[in-house]
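One-based numbering, in listed order, for ligands and for the atoms of each. Residues: numbered from 1 along the sequence shown.
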Amino acid sequence: MQTITKTRLCVIFAFLALTCSVQMTDAKEIPPKFFGKFVLDRSENFDEFLSAKGVNWLLRQMIKLASVTKVIGKGDKPSTYNYENLTSKKNTLYHGWELGKTFRAEGLDGKPHDITFNYVNGELTEKHIRLDEPADNNTETYHYTIDDKDQLVLKMENNNIICRRWFKRQQPK
Ligand SMILES: *[C@@H]1O[C@H](CO)[C@@H](O)[C@H](O)[C@H]1NC(C)=O
Ligand SMILES: *[C@@H]1O[C@H](CO)[C@@H](O)[C@H](O)[C@H]1NC(C)=O
């Protein structure tokens, strides 16, 4: 009898714990400070970062000169978001995604990517898996935060080289 009660209690607690953790994951959302249009202002270690990725000098100069604008906002449906990477070369528009849910879309390279956005510990992450690349070299994660100057900070890391790029919020006119 006693064992049965214990087992039941255990099951109930396990159920509660599970429900709690599921609700916490569901409750997660991107804070409004991330919403807006942000224009690339300056970079730190970007050349070293690209170089370590094997990008040649000429291409690096082109990539460094390219203007980049990020647009982050809410989607049409509840719990959905829109994200855009606007550049002189190509625009990538990802609309209507949810946090933690992977979707397939075209990357900047014009190829299919599996993309997942997440929001954990004050950081928005954008993970890309390039589907037609070998598994040891197909993942890229972009980390975004808003700093004390209200700028969007993008952090990328490769082979212990950390690169940061700052985007200034474009004020609505
Ligand atoms: C956004 O565009 C820039 C400039 O072309 C590019 O370097 C960067 O990888 C793009 N970011 C994403 C997440 O596609
Ligand atoms: C890794 O993938 C990138 C992007 O496709 C490519 O430019 C680079 O040459 C690859 N590096 C290696 C070591 O395969």
Between Met156 and Ile129, is there shared hydrophobic-cluster membership here, with clusters defined by ILVMFWY side-chain heavy atoms closer than 4.5 Å? no
Give the atom numbers and elements of ligand 1 that come within less than 4.0 Å of a heavy atom of Lys70. 11 (N)
Between Arg165 and ligand 1, does any nitrogen or oxygen pair lie at a separation below 3.5 Å? no
Just need the protein heavy atom nearest to atom 13 (C) of ligand 1, so name the residue and atom and give the distance. Glu126 OE2, 3.1 Å
Hey, can you pull the donor-acceptor pairs under 3.5 Å for the side chains in residues 112-123, sequence neighbours left out?
{"residue": "His113", "atom": "ND1", "partner": "His128", "partner atom": "ND1", "Å": "2.8"}
{"residue": "His113", "atom": "NE2", "partner": "Asp109", "partner atom": "OD1", "Å": "2.9"}
{"residue": "His113", "atom": "NE2", "partner": "Asp109", "partner atom": "OD2", "Å": "3.2"}
{"residue": "Asp114", "atom": "OD1", "partner": "Arg104", "partner atom": "NE", "Å": "2.9"}
{"residue": "Asp114", "atom": "OD2", "partner": "Arg104", "partner atom": "NH2", "Å": "3.3"}
{"residue": "Thr116", "atom": "OG1", "partner": "Thr102", "partner atom": "OG1", "Å": "2.8"}
{"residue": "Asn118", "atom": "OD1", "partner": "Lys28", "partner atom": "NZ", "Å": "2.7"}
{"residue": "Glu123", "atom": "OE1", "partner": "His143", "partner atom": "ND1", "Å": "2.8"}

Taking the side chain as everything from C-beta on, heavy atoms only, tell me whether Tyr142 gets closer than 4.5 Å to Thr125. no
Nearest heavy atom to atom 9 (O) of ligand 1 wins, so pick from Tyr83, Phe46, Tyr142. Tyr142
Protein heavy atom at shortest distance from atom 6 (C) of ligand 1: Leu108 CD2, 3.5 Å
Any heavy atom of Lys90 closer to ligand 1 than 4.0 angstrom? no
Does a side-chain N-to-carboxylate-O contact under 4.0 Å join Glu48 and Lys53? no
Show me the donor-acceptor pairs within less than 3.5 Å that the side chains of residues 69-78 make with the rest of the protein, sequence neighbours left out.
{"residue": "Lys70", "atom": "NZ", "partner": "Tyr83", "partner atom": "OH", "Å": "2.8"}
{"residue": "Lys70", "atom": "NZ", "partner": "Asn85", "partner atom": "OD1", "Å": "2.9"}
{"residue": "Lys70", "atom": "NZ", "partner": "Tyr144", "partner atom": "OH", "Å": "3.2"}

Closest approach of any protein heavy atom to atom 14 (O) of ligand 1, naming residue and atom: Asn85 ND2, 3.4 Å
Are any of the side-chain nitrogens in Lys90 or Glu106 under 4.0 Å away from the carboxylate oxygens of its partner? yes
Contact between ligand 1 and Lys89 is defined here as a heavy atom of the residue under 4.0 Å from a ligand atom; is it met? no
Test of understanding: clusters of I, L, V, M, F, W, Y form through side-chain heavy atoms closer than 4.5 Å, transitively. Do Phe167 and Leu93 belong to the same one? no
Nearest non-hydrogen protein atom, atom 5 (O) of ligand 1: Thr87 CG2, 3.3 Å
